[in-house]
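Encoded as structure tokens, the structure appears first; notes follow it.
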Amino acid sequence: MAQGVKVEDLSVIFGSRKQREAAIEMLDDYKPDEIREKTGATVAVKRINLEIEENELFVIVGLSGSGKSSLIRTLNLLNRPATGDVKVGGRSLMDMTKKELRYFRRNDVAMVFQHFGLLSHRTVLGNVEYPLEVQGIEDKERRQRSMEAIELVGLDGWEHHMPNQLSGGMRQRVGLARALTNDPELLLMDEPYSALDPLIRREMQNELLKLEDTMDRTIVFITHDMNEAFRMGDRIALMKDAEIVQLGKPEEFFANPANQYVKDFIADVDKTRILKVRNIMSKLKSVAKLGDDRKETLDFLKENEMDFIYVTDEKRIFLGFLKIEDLQKSKAQKIDNLVHKDETKIYRNLYLQDAWEKLNESTYNLPVVDGKGRLRGVLDYDIVVDALAK
Amino acid sequence: MFKLMNFILEFPERFTYDIAKPIDAMVDWIDKVFREALDVFVIVFTFIINRVQDVLFFIPWWGYVILLFFATMKLYKVSTAIVLSSLLLLIGVFGFWDATIRTFAIIVVSVLICFIIGLPIGISMAKSRRVEMVLKPILDGMQTLPSFVYLIPALMLFNTFGRVPAVFATTIYALPPLIRLTYLGITNVDEQVVEAGTSFGSTPMQMLFKIEIPQAMSTIAAGVNQTTMMAVAMVVIAAMIGTPGVGRDVLRAVETLQVGDGFAAGFAIVFLAIILDRLLQGLAAKLDTTAQEGEE
Ligand SMILES: Nc1ncnc2c1ncn2[C@@H]1O[C@H](COP(=O)(O)OP(=O)(O)OP(=O)(O)O)[C@@H](O)[C@H]1O
Ligand SMILES: [Mg+2]
């Protein structure tokens, strides 16, 4: 199960101990620039609060020096917060002992680095094995799991090459495979594609989206490129001068830019080619599961003034929907036989342009599914019209 | 007036102090307190040097030539292999084979000891600011001292001529570059690589042995190279305290003004130095995995 992240009142400050203490005192009343001038300390992150949901692909975007890396690096405690705390899956990182922290890093979190951070003295396989090796997992299992990760990123056949024999794109694939071997619930990616040329970058983005689609994994992704941010993100946080200027779904940036800075930042983003179904879909408040009690479901629908509800199986795979009138007419114990099997659904990584046609044919709002057919949300006709109109 | 002139021109006699006396006293004291321990030390090291020498003499001359040829071919190309193997043959041709092996034995033992001591010191210097602050000036100082100053304490410590004080002096003289380059290698490991190690939950020991040392290996090998070169230089000078080997041949030739012999022995040492230098430099380059393939 993936884990959510909660960042509370988080600040990151660089400088000597004395400088940092002085800077904390000034944090609430001064801007980072002024604090640097007065104390010599750099405030890289200033009292940030945010919550990242399970399975979310959360993007942090901002210009160089805005504090993106400083923020993401607190999520596995490569940077220690000066104030505040980070909670992953409900556990506070600051409260962890050294041993607990090591356990957390070995099992629950992994990081992909901008300049790859590969061990140049080891083969591709040796690199991918490393996270399992430090855990003391025995050879056979280690090899098998590593090869799975290598295949996942499409590097099979290259496992015995050295990193310096690979191109940049391939090296970053090794970095990704290495981060996937210990099956982390939280994946941190600090500008993973910034060092790559644009063509490869696009390819890697699509690959990641495809991978992400079939995994249960919370991803925090950093970039300084707004186009990349919009292409990837379920939600985006725009950072400036150690603070978050705006946080929300991509669509919200176009609909309600928080200020002129945001407007300028998104000015040259072509949204129909970047906005995807997933970016503007709505979350489902409730879903019926196969095997649910008919009467309870009926009561629930009445109570919430709904006239139909989507149905999934126990693995969240989308099956169809239930109408309230069918529930009322039937005498069955369970809902199972009342489900309207419906094949009209929409893939969540479709660009809005392409989704438009399908949406026009349908009479209902469309259920949104991921690559495995799991129900992820619903696409509201009016919201699409709104988004495209602006 | 005259007196004053004298005072200025010549160092006043009443300010001189005979420093030899307290040093002699200290040597006596060391002699009294540590004699037995030092004697055991001499016995142990004589044994070690002898065994190493046995092994080195066990390999026939053509064995060395073949080994060298294939090692250089792997590290460089055939032409380099031919040149280096010829140099090795020339040492034998000049009639210095046995003397060179004896010299080589002392070099091998000294460099091994340097490695065993130098590596942990270099690592602790990279890990601790305090150790770094203490050792840096000492290393700087050691590198400015001329080689032969180490001979005297070596002699007086062991109270004997020969190979053990030579190994001792050589080790101390040749140690600094190895420490320095180990320290440099570890501190210069790519920051993101170290961070990757941390982010996957490495223990400090895993970090050191699986990441930092392997990443620093090329720099450490360069340190071994420098240390070996200094050991070669020192071993010749150590002939002054009666160390057997090519150094003694050089010394004898100088004393008896036999220019031809002196040159021949000198060449043997130079060839040995060139061969070792090439081998270790090639090794260091081979171990450098950070360079992009095809780049230099
Ligand atoms: N280790 C450090 N020591 C001192 N200052 C630092 C350190 N790391 C970052 N900073 C400073 O903190 C501020 C934020 O840096 P950070 O690396 O988080 O920015 P960023 O948004 O990731 O930028 P980039 O896009 O260049 O990676 C900058 O002013 C930077 O100079
Ligand atoms: Mg950064």
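Naming convention: chains lettered A, B, ... in sequence-line order (proteins, then strands); numbering from 1 in each chain. This is a predicted model, so every value here is computed, not measured.
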Just checking [X]: does its [atom1] atom have more than 12 heavy atoms from other residues, nucleotides or ligands closer to it than 6.0 angstrom?
X: B:Glu191; atom1: CD; value: no
X: B:Phe57; atom1: CZ; value: yes
X: B:Phe115; atom1: CZ; value: no

Item to check | Portion of B:Ser218 that has a non-hydrogen atom of chain A nearer than 4.5 angstrom | outcome: neither
Checklist entry - Sequence neighbours excluded, which residues qualify as side chain to side chain donor-acceptor pair (under 3.5 Å) partners of A:Asn76? => result none
Item to check | side chain to side chain donor-acceptor pair (under 3.5 Å) against B:Thr228, all qualifying residues, sequence neighbours excluded | outcome: none
Checklist entry - At what distance, to the nearest 0.5 angstrom, does OG1 of B:Thr198 lie from CG of A:Leu77? => result 11.5 Å
Next on the checklist: Rounded to the nearest 0.5 Å, what separates atom CG in A:Asp190 from atom CD in B:Gln192?
Outcome noted: 7.5 Å
Checklist entry - If every non-hydrogen atom of B:Phe200 is compared with every non-hydrogen atom of A:Val134, which pair is closest and at what distance? => result O-CG2, 3.5 Å
Next on the checklist: If the contact rule is any heavy atom under 4.5 Å from chain B, which residues of residues 90-121 of chain A qualify, in numerical order?
Outcome noted: A:Arg102, A:Arg105, A:Arg106, A:Val109, A:Ala110, A:Met111, A:Phe113, A:Gln114, A:His115, A:Phe116, A:Gly117, A:Leu118, A:Leu119, A:Ser120, A:His121
Checklist outcome for this item: For A:Asp225, the side-chain contact (heavy atoms from CB on, under 4.5 Å) test, sequence neighbours excluded, returns A:Arg201, A:Thr223, A:Asn227, A:Glu228
Checklist entry - Can you find a pair of side-chain heavy atoms, one from B:Glu195 and one from A:Arg73, that are under 4.5 Å apart? => result yes
Item to check | Residues A:Arg122, B:Lys210; criterion side chain to side chain contact (heavy atoms under 4.5 Å, CB included); working and verdict | outcome: CA-CA 10 Å; A:Arg122 288 174 168 229; B:Lys210 289 178 190 286; 4.1 Å; yes
